[in-house]
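To keep things clear, I will list the structure first and then write my remarks on it.
Proteins get letters first, then strands, A, B, ... in listed order; numbering begins at 1 in each.
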Amino acid sequence: MKKRLLPLLLLVGTLAATNVLFVAAPVMLTGCAHLQTNADQVVVRSEQLAAGAFELMDALVEMEINNRDSLRKLNPNIERVANRIRTEGRKGLEELRTATKIYKAHRTPENKANVETWIATIENLKRIAREYLVSSKPIVP
Amino acid sequence: MNVAAIILGLTDAAILILERVGSLRQIAAQSGELTPEQELELDTKMAAAFAQAKWQPSTPPE
């Protein structure tokens, strides 16, 4: 009985730790910093999101690889979520950074829309990872 | 799996969170656009992480 509880404790602990990151970070990222009057809201949001999402995703993939053997036995879907972050998350972050730099250089409505598209992509990936980790929903590959 | 492995796993998760709290606070405090130096720092940090093994997709067992 004790042997069965210990792996479960690891899983719960790891998921709880990940949840803290995914749940607490958005709260922290909407903290009390006041936007500078000359700052472009889309740029600030994009740069905050890229930096924040990177920290969260980096923590997630690190926790998954550090505990892979245990997590594989308990819930293989966690590895699938982590792998989705490794491919789509990485691509999305790189595209978001590129789109933001292009927009900062040429502030056209089209470039702004491109940044907003990648913001939505990264927000969606964060949501999927968070929802899955919170409720153990099956993911759509 | 033994107790030591469990404790190490939980400790690892806790350390990862603590390591990132400072970064997340710094990000939350950002009120303007990043300077070119800050952009370079962020891009370098991300590129360095993406090159590490933890960011390489794994091959789950059949």
- Heavy atoms only, distances under 4.5 angstrom: which of Thr87(A), Asn83(A), Leu93(A), Ile65(A) has the most pairs with chain B? Name it, please.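 Looking at each of Thr87(A), Asn83(A), Leu93(A), Ile65(A) in turn, Asn83(A) comes out on top.
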- Message: Tell me every residue that passes side-chain contact (heavy atoms from CB on, under 4.5 Å) with Thr35(B), counting only those two or more places apart in sequence or in another chain.
- Response: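 For Thr35(B) the side-chain contact (heavy atoms from CB on, under 4.5 Å) partners, ignoring immediate neighbours, are Glu37(B), Gln38(B).
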- With sequence neighbours left out, write down each residue that passes side-chain contact (heavy atoms from CB on, under 4.5 Å) with Arg97(A), or none if nothing qualifies.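 Partners of Arg97(A) by the side-chain contact (heavy atoms from CB on, under 4.5 Å) criterion, ordered by chain and then number, come out as Glu47(A), Ala50(A), Thr100(A), Lys101(A), Glu39(B), Leu42(B), Asp43(B), Met46(B).
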- Message: Taking 4.5 Å as the heavy-atom cut-off, does anything in residues 49-59 of chain B contact chain A, and if so which residues?
- Response: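 Under the 4.5 Å heavy-atom cut-off, Ala49(B), Phe50(B), Ala53(B), Lys54(B), Trp55(B), Gln56(B), Pro57(B), Ser58(B), Thr59(B) qualify.
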- Message: Looking at Lys104(A) and Leu34(B), would you say the former's side chain and the latter's main chain have a donor-acceptor pair under 3.5 Å?
- Response: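 Yes, because the side chain of Lys104(A) sits within donor-acceptor range (under 3.5 Å) of the backbone of Leu34(B).
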- Message: Taking salt bridge (charged side-chain N to carboxylate O under 4.0 Å, His left out) as the definition, give me every residue that meets it alongside Glu94(A), ordered by chain and number, with sequence neighbours left out.
- Response: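 Residues passing salt bridge (charged side-chain N to carboxylate O under 4.0 Å, His left out) with Glu94(A): Arg90(A).
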- Look at Glu33(B) together with Arg45(A) and state whether they make a salt bridge at an N to O cut-off of under 4.0 Å.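 Salt bridge between Glu33(B) and Arg45(A), a charged N being under 4.0 Å from a carboxylate O: no.
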- Nearest heavy-atom neighbours spanning Gly32(B) and Ala39(A):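 In terms of heavy atoms, the two residues are closest at CA-CB, 4.0 Å.
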